[in-house]
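Computation of the quantities below employed the complete heavy-atom set of this structure, encompassing side-chain atoms and omitting hydrogens, waters and symmetry-equivalent molecules. Chain letters run A, B, ... following the sequence lines, proteins first and then strands; every chain starts at 1.
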Number of protein chains: 2
Amino acid sequence: MAPMAPTQQVKRRATNQGAAVKEALAAEDTFRSAQDVYATLRANGEKIGLSTVYRHLQIFVDDGLADVIHKPDGESTYRLCGDASTTHHHHLVCRSCGKAVEIEGPAVETWADKVAAQNGFTDVNHTVEIFGLCAACAAS
Amino acid sequence: MAPMAPTQQVKRRATNQGAAVKEALAAEDTFRSAQDVYATLRANGEKIGLSTVYRHLQIFVDDGLADVIHKPDGESTYRLCGDASTTHHHHLVCRSCGKAVEIEGPAVETWADKVAAQNGFTDVNHTVEIFGLCAACAAS
DNA sequence: GTCTTATTGGGAATCGTTCCCATTATGACA
DNA sequence: TGTCATAATGGGAACGATTCCCAATAAGAC
């Protein structure tokens, strides 16, 4: 199917906008919405369109560079993620400021797979997100 | 704040539409979207508006009668749920047909709380959903 | 039966996201 | 360094789910 290298599936051009989106994400360790990133970039005088922001965000996700999580209200938020598909992990996210801590729960993974198998489900994946108030936000 | 009984926060009138929405949900053990429920009801000749469907679905959730889960694509789906807030549980959901199995994972709950506490997070809640293909769908 | 008011519903409005497509600019090659 | 094919861009239209608004309707108490 894919004759290219495993990490980079398709040829991709380097553009200012792509770099700008990545930088914007890299600047914070919080999950941010596309609209949010777009607003920030424009505020910084960056010349970029909303479509382009969405486009790059999606590319990052496809390339395994970023994680997405859907907020309870349905909005998608993105965050750059250490290294690609090497480590499967989840997040502890602050409901208020969006700050996120990467967490791992090997036990959860095996539990999920076991439960799925017991019920005859295949091609399984799961979402585990923990929402709360971080210490800083709770204090204010 | 609320001088009423603990289970039923506000006085609510019994209407045909409310009953119809509940019936529609009760008829299936799958998570269904508001649009889906609406379409079904209209197809059955029910006289009801989309707004009303959304309204009742939300009421069920508020009253703890139904569970919501947000599909990866962002759509909200609802399902009636045994009894209100007595049992906290999660779901194993078929990506294809929406069929859901209620599952419990006490270990997950304690793990989530522990991780949150370790990171100074308070007012914690979590979402754990397992998506897969049920045996029936995998066969076809 | 009457009256108060919760409920309804249909269309407008919102909001996030995707699509379309003419314009722009990257990168390869001469 | 100039030329060219085409990937990338962006802005506005289009979309789908959900919410809002408000005049008309109907539930239930007296």
Side-chain angles (χ1 to χ4, degrees), chain A residues 2 4-5 8-25 31-63 65-79 98, chain B residues 2-4 8-25 31-63 65-79 98:
Chain A
M4 290 296 289
Q8 194 80 354
Q9 50 269 67
V10 281
K11 173 87 170 303
R12 220 151 251 165
R13 284 186 187 172
T15 67
N16 294 340
Q17 289 85 342
V21 173
K22 187 177 288 189
E23 265 176 48
L25 278 190
F31 275 85
R32 311 182 58 198
S33 69
Q35 308 274 353
D36 183 17
V37 169
Y38 172 66
T40 301
L41 289 174
R42 294 299 285 229
N44 286 359
E46 207 71 51
K47 178 79 177 55
I48 193 171
L50 182 56
S51 312
T52 305
V53 173
Y54 273 103
R55 203 148 31 208
H56 282 287
L57 253 17
Q58 190 52 55
I59 288 172
F60 294 158
V61 173
D62 291 344
D63 287 2
L65 294 174
D67 283 340
V68 212
I69 86 179
H70 300 304
K71 297 231 303 288
D73 71 355
E75 197 178 26
S76 299
T77 56
Y78 307 79
R79 196 184 87 150
Chain B
M4 290 296 290
Q8 194 80 354
Q9 49 270 67
V10 282
K11 173 86 169 305
R12 221 151 250 165
R13 282 184 188 175
T15 66
N16 294 341
Q17 289 87 341
V21 173
K22 187 178 287 189
E23 266 177 48
L25 277 191
F31 275 85
R32 309 181 60 197
S33 69
Q35 306 276 353
D36 183 17
V37 169
Y38 173 67
T40 302
L41 289 174
R42 293 299 285 228
N44 287 359
E46 207 69 52
K47 178 76 175 57
I48 194 172
L50 182 55
S51 313
T52 305
V53 172
Y54 272 103
R55 203 148 30 208
H56 282 287
L57 252 17
Q58 190 52 56
I59 287 172
F60 293 158
V61 173
D62 291 344
D63 288 0
L65 294 174
D67 283 341
V68 212
I69 86 179
H70 297 49
K71 298 230 303 289
D73 70 356
E75 197 178 27
S76 300
T77 55
Y78 307 80
R79 196 182 85 150

- line: Paired with His56(A), the side-chain contact (heavy atoms from CB on, under 4.5 Å) test is passed by just one of Val37(A), Thr15(A), Leu65(A), namely Thr15(A)
- line: Those residues at least two apart in sequence (or on a different chain) that pass side chain to side chain donor-acceptor pair (under 3.5 Å) with Lys22(B) are none
- request: Report the residues that fulfil side chain to side chain donor-acceptor pair (under 3.5 Å) with Thr77(B), sequence neighbours left out, ordered by chain and then residue number.
  value: none
- prompt: What are the bounds, 5' to 3', of the part of DNA chain C that sits under 4.0 Å from heavy atoms of chain B?
  reply: dT5(C) to dG11(C)
field: Residues that Thr40(A) engages under side chain to side chain donor-acceptor pair (under 3.5 Å), provided they are two or more places apart
entry: Arg32(A)
statement: Residues passing the side-chain contact (heavy atoms from CB on, under 4.5 Å) test with Asn16(B), sequence neighbours excluded, are none
message: Measure CD/Glu75(B) against C1'/dC15(D) and give the value in whole Å, please.
response: 13 Å
field: d(CG, Asp73(A); P, dT19(D)) in whole Å
entry: 10 Å
Helical bend (five base pairs per end, nearest 10°) for the helix from dG1(C)-dC30(D) to dA30(C)-dT1(D): 30°
- prompt: Side-chain contact, heavy-atom cut-off 4.5 Å: Phe60(A) with Leu57(A)?
  reply: yes
task: With a 4.0 Å heavy-atom cut-off, tell me which residues in residues 33-53 of chain B come close to DNA chain D, sorted by residue number.
output: Gln35(B), Leu50(B), Ser51(B)
message: Going by the rule salt bridge (charged side-chain N to carboxylate O under 4.0 Å, His left out), which residues pair with Glu23(B) if we only count those two or more places apart in sequence or in a different chain?
response: none
Every protein N/O lying under 3.5 Å from an N/O of nucleotides 22-26 of chain D:
none

- prompt: Is any side-chain nitrogen or oxygen of Tyr54(B) closer than 4.0 Å to OP1 or OP2 of dT18(D)?
  reply: yes
query: Looking at Leu41(B) and Ala20(B), what are the two nearest heavy atoms and their distance?
result: CD2-O, 3.7 Å
message: In whole Å, I'd like the distance from the NE2 atom of His56(B) to the P atom of dT19(D).
response: 14 Å
query: How do Asn16(B) and Thr77(B) order along DNA chain D: which one's closest nucleotide is nearer the 5' end?
result: Thr77(B)
statement: Those residues at least two apart in sequence (or on a different chain) that pass side-chain contact (heavy atoms from CB on, under 4.5 Å) with Asp67(A) are Phe31(A), Cys81(A), His89(A), His91(A)
- request: Could you pull out all residues at least two apart from Gln58(B) that satisfy side chain to side chain donor-acceptor pair (under 3.5 Å)?
  value: Asp62(B)
Spacing of Glu75(A) atom CD and His70(A) atom NE2 [to the nearest 0.5 Å]: 11.5 Å
Do any side-chain atoms of residues 42-54 of chain A form donor-acceptor pairs under 3.5 angstrom with protein atoms, and if so which ones, sequence neighbours left out?
residue  : atom : partner  : partner atom : Å
Arg42(A) : NH1  : Ile48(A) : O            : 2.4
Thr52(A) : OG1  : Arg55(A) : NH2          : 3.3
Tyr54(A) : OH   : Gln35(A) : NE2          : 3.1

